[in-house]
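Remarks on the structure that follows.
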Amino acid sequence: MADFQTVVVETDLLICGGGMAACGAAVEASYWAKKHGLKVTLVDKAAMDRSGAVAMGLSAINQYVDLNSGNNTVKDYCDYVRNDLMGITREDLVASIARHVDSTVHLFEKWGLPIWKDENGNYVHEGRWQLMINGESYKVIVAEAAKNALAEAGGQYFERVFITHPLMDGNKCVGAIGFSVRENKVYVFKAKATLAAMGGAVHVFKPRSTGEGFGRSWYPPFNSGASAFFTIYAGAEMTCQEVRFIPVRFKDAYGPVGAWFLLFKSIATNAYGEDYMKTNAAELEKWAPYGKVKPTPANIRNWLMMLDVMDGKSPIYMQTADAIKRIAESAPDEKAAQKKLKELEAEAWEDFLDMTISQAILWAAHNVEPEKKPSEIMACDPYFIGSHSGASGAWVSGPEDLQTPATKDEYFWGYTNMTTVDGLFAAGDASGASSHKFSSGSFTEGRIAGKSAIAYILDHNQAPNVDQGQVEALKAEILKPLDTFEKFKGATTDPEVNPHYIRPKQFMFRLQKLMDEYAGGVSAQFKTNDKLLERALELLAFLKEDSANLAAQNLHELMRAWECVHRMYQAEAHVRSVLFREETRWPGYYFRADKPQMDNENWLAFCNCKYDRNTGEWTMIKRPVKYITQ
Ligand code: SFD
Ligand code: AMP
């Protein structure tokens, strides 16, 4: 084995990840840490300026409650989220973020993020909860604030260090271990409290993209299930692992649709010009009460579209030209209409250039003029993202002051956003059952978790007890794929094919094929059943056996190997949870053909799970849904 130096870093708070939630945690925790002489350390597998989901920038801030306007309340936001998730939500967590998110958005603006303003100087809303931004440099601006805050409080950040596992002292998390993706170094972070904020997971399922386009997915390929693995391995109770998210996007380059539906008030139709939201409206009754609410939940919107796709009425089109024409025609005269048309055209392109540059390139390549002809949209592949319209993540404590007598025993255990593992916190995509936080809410939840983790440290201010034997064993396990490759690479002439090992890319294909065909991926039209899921578990068990034989040629591939392992655990938690929930609640995300209906009597409940790293056993747990607002 190549010589690897072990670098030990001692800190009070460790923030794993460098995305929106992690940056929020760094800003807030640094403030409190400085007051109390504590140290905050942040570790990102990439470079914070362009890491995570916001790497390419964003064109909207999707959570702004606008409490000052008097038009919206925290309860309104809770209602919106509860309905969109078909009743399954932790309102205490949603409210915890909603009551603070506006202040986060004001900070972003102060730090230099351009938010669109109208002629009266008011923010331009995309929809009720969304603001339009010039967000190409969104992540750079947020990362700068996080780095400044860390520097001011004597904190530290590490980039290009990939976190693999938590370090455990019984049921207490005492830090994390990982490796540099650039140098032969293993990093051991010893911490009094640790925050998991390493985003969600993509490429667990087979994506639609193939060949050179393979890395293109809606969700960023750099987020590969590290948060889920970290919390699962630590023994934390997980929630909503069945709630995958499948967004509708412009076809093949995954450009956003929100601005079209909400700002431009566009409709989408099937190939024959029918508005599927109208022609398939009878279906809404089946999923009542949620099918009947406004706005229609994201999964139901998907479902009405998918019904047409399954009926052979593709392609599906966003009617961009009609929408632009309609708005331009509302101008007072022809000259004003022409001016408006030009503005709308520019806004349509900017929407992509701010957030999904590849979609603008594809439009250009296909000679698309949105003001002249419609553009294809489609449902993407399944993603695990607790911060958008999915809900998967760790089960965390809510704040005490938002509990009711009925929720306190269920949803509160001392420190806001702490998982069921002592000293381990989660935020953003890493924390579950609090959907629709998006970029601004994830940053806000990071702030809440960061502050709470500092409070935990002040109450438990003992040096972490890190067992050196555990560190050595993990170090050997982490580096094993490099050894495996070196040992066996000569056994065949083609390094891809070898009887002794499996390369990460092939391993990923195998996982994706399995999930696609058995757990309701794209090729299965998002449909599955109990028998397919049971078979998926059998195949996952074989895959897990083979994960011991992953091989890596270099540090980059070593990262790929561990990404595979992380994704595999996310996959297993998902399959077990879809199997456990004996109903279909989110058609449009997945459909259990053997249980084709929603069963509110038995399943208006959380489906939680827990893994025991010593025995390899999973426990499934049903927890009650209790709202804090009526
Ligand atoms: O419209 C490790 N999101 C949008 N939010 C908005 O507010 N407005 C939008 O316009 C949004 N759109 C959008 C969005 C997401 C994506 C992918 C697209 C478009 C194309 C959602 C937000 O981006 C999302 O909610 C937040 O970013 C979530 O924050 P967080 O912190 O949970 O995840 P992150 O920002 O991706 O950061 C993850 C970090 O973890 C690092 N990491 N570090 C160390 N070790 C490991 N093993 C690690 N694995 C990962 C990453 O490098 C990163 O720093 S719209 O289309 O919906
Ligand atoms: P998207 O671009 O699809 O991520 O959407 C951005 C925001 O707009 C998210 O908050 C979505 O939930 C919301 N949104 C998108 N499309 C619609 C729609 N047709 N009706 C209501 N809300 C939508």
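In each ligand, atom 1 is the first atom listed, and ligand 1 is the first ligand listed.
Contacts between Phe438 and ligand 2, counted as non-hydrogen atom pairs separated by less than 4.0 Å, involve the side chain only. Proximity of Asp84 to ligand 2, defined as any heavy-atom pair under 4.0 Å, is not found for any part of the residue. When non-hydrogen atoms are compared, ligand 1 lies under 4.0 Å from the backbone of Trp218 as well as from its side chain. Counting heavy atoms under 4.0 Å from ligand 1, residue Gln63 does not touch it at all.
Between Phe189 and Val161, some side-chain heavy-atom pair lies under the 4.5 Å cut-off. Proximity of His574 to Phe384: side-chain heavy atoms (C-beta onward) are separated by under 4.5 Å at one or more points. Side-chain contact between Tyr219 and Pro247 is absent, with no heavy atoms from C-beta onward closer than 4.5 Å. The shortest distance between side-chain heavy atoms of Arg567 and Leu511 falls below 4.5 Å. Counting only heavy atoms from C-beta outward, the side chains of Tyr254 and Arg216 approach each other to under 4.5 Å.
Per-residue contacts place Arg249 under 4.0 angstrom from the following atoms of ligand 2 (heavy atoms of the residue considered): 1 (P), 2 (O), 3 (O), 4 (O). Short contacts between ligand 1 and Ser442, defined as distances under 4.0 Å to a heavy atom of the residue, involve ligand atoms 25 (O), 26 (C), 28 (C), 29 (O). Listed by number with element, the atoms of ligand 1 under 4.0 Å from a non-hydrogen atom of Pro220 are 17 (C). Listed by number with element, the atoms of ligand 1 under 4.0 angstrom from any heavy atom of Asp44 are 41 (C), 43 (N), 44 (C), 51 (C), 52 (O), 53 (C), 54 (O). Of all the atoms in ligand 1, the ones that sit under 4.0 Å from a non-hydrogen atom of Asp429 are 28 (C), 32 (O), 33 (O). The Pro295 neighbourhood of ligand 2 comprises atoms 21 (C), with distances under 4.0 Å to a heavy atom of that residue. Each of the following atoms of ligand 1 lies closer than 4.0 Å to a heavy atom of Ile61: 7 (O).
For ligand 1, one of its N or O atoms has an N or O atom of Ile163 under 3.5 Å away. Backbone and side-chain nitrogen or oxygen atoms of His388 are examined, and one is located within less than 3.5 angstrom of a nitrogen or oxygen of ligand 1. Considering backbone and side-chain N/O atoms, Ala226 never comes within less than 3.5 Å of an N/O atom of ligand 1. For ligand 1, the polar-atom distance check against Gly428 finds no nitrogen or oxygen pair separated by under 3.5 Å. Residue contacts with ligand 1: Ala22 is placed with no nitrogen or oxygen under 3.5 Å of a nitrogen or oxygen of the ligand (distance criterion only).
Note: His203 and Phe205 fail the aromatic proximity criterion, with ring centroids not under 6.0 Å apart. Here Phe179 and Tyr187 keep their ring centres 6.0 angstrom or further from each other. Remark: aromatic rings of Trp129 and Tyr77 are close, center separation under 6.0 Å. The aromatic ring centroids of His165 and Phe230 lie 6.0 Å or more from each other. Ring to ring, Phe108 and Phe443 are close: their centroids are under 6.0 angstrom apart.
For the atom pair Ser30 OG and Ile15 CD1, the distance stands at 6.5 Å (nearest 0.5 Å).
Classified by interplanar angle (parallel below 30°, tilted 30° to 60°, perpendicular above 60°), the ring pair Tyr64/His125 is tilted. In this pair, Phe250 and Phe352 present their aromatic rings perpendicular. The plane angle is above 60°, beyond the 30 to 60° band. By the 30° and 60° cut-offs, the orientation of the rings of Tyr569 relative to Phe229 is perpendicular.
Residue nearest to atom 14 (N) of ligand 2, selected from Lys294, Arg301, Gln130, His436: Arg301 (by heavy-atom distance). For atom 13 (C) of ligand 1, the nearest non-hydrogen atom from the set Leu58, Val43, Thr164, Val54 comes from Leu58. Ranked by closest heavy atom to atom 22 (N) of ligand 2, the top entry among Thr296, Leu262, Asp351, Thr356 is Leu262.
Ligand 1 lies within reach of Arg249, whose nearest heavy atom is under 4.0 Å from it. Close to ligand 2: Tyr80, with a non-hydrogen atom less than 4.0 angstrom away. Not a single heavy atom of Gly258 lies less than 4.0 angstrom from ligand 1. Within the 4.0 Å heavy-atom cutoff, Thr356 does not count among the residues contacting ligand 1. Using a 4.0 Å heavy-atom cutoff, Ile385 is absent from the residues neighbouring ligand 1. Heavy atoms of His388 approach ligand 2 to within less than 4.0 angstrom. Heavy-atom distances between Cys16 and ligand 1 stay at or above 4.0 Å for every pair.
A salt bridge links Glu109 with Lys117: the distance from a Lys NZ or Arg NE/NH1/NH2 to an Asp or Glu carboxylate oxygen falls below 4.0 Å. In summary, Lys147 and Glu144 do not engage in a salt bridge, as defined by a charged side-chain N under 4.0 Å from a carboxylate O. Salt bridge status for Glu28 with Lys451: absent, with no side-chain N to carboxylate O gap under 4.0 Å. Glu283 and Lys278 are not joined by a salt bridge, as no carboxylate oxygen comes within less than 4.0 angstrom of a charged side-chain nitrogen. For the pair Asp322 and Arg326, the salt-bridge criterion is not met [side-chain N within less than 4.0 Å of a carboxylate O].
Ranking the protein heavy atoms by distance from atom 40 (O) of ligand 1 puts Met198 CA, 3.2 Å first. For atom 38 (C) of ligand 1, the closest heavy atom belonging to the protein is Gly199 N, 3.6 Å. Ranking protein heavy atoms by distance to atom 25 (O) of ligand 1, first place goes to Ser387 OG, 2.5 Å. Protein heavy atom closest to atom 27 (O) of ligand 1, with residue, atom name and distance, is Met20 CG, 3.4 Å. Among protein heavy atoms, the minimum distance from atom 6 (C) of ligand 2 is reached at Asn62 ND2, 3.4 Å. At the shortest separation from atom 39 (C) of ligand 1 among protein heavy atoms lies Gly19 N, 3.5 Å. For atom 42 (N) of ligand 1, the closest heavy atom belonging to the protein is Lys45 CD, 3.7 Å. Scanning all protein heavy atoms for the shortest distance to atom 5 (O) of ligand 2 gives Gly258 CA, 3.5 Å. Ranking the protein heavy atoms by distance from atom 8 (N) of ligand 1 puts Ala60 O, 2.6 Å first. Nearest protein heavy-atom neighbour of atom 5 (N) of ligand 1: Ser439 N, 3.3 Å.
A cation-pi geometry, defined here as NZ or CZ lying under 6.0 Å from the six-membered ring centre and within 45° of its normal, does not hold between Arg208 and Trp218.
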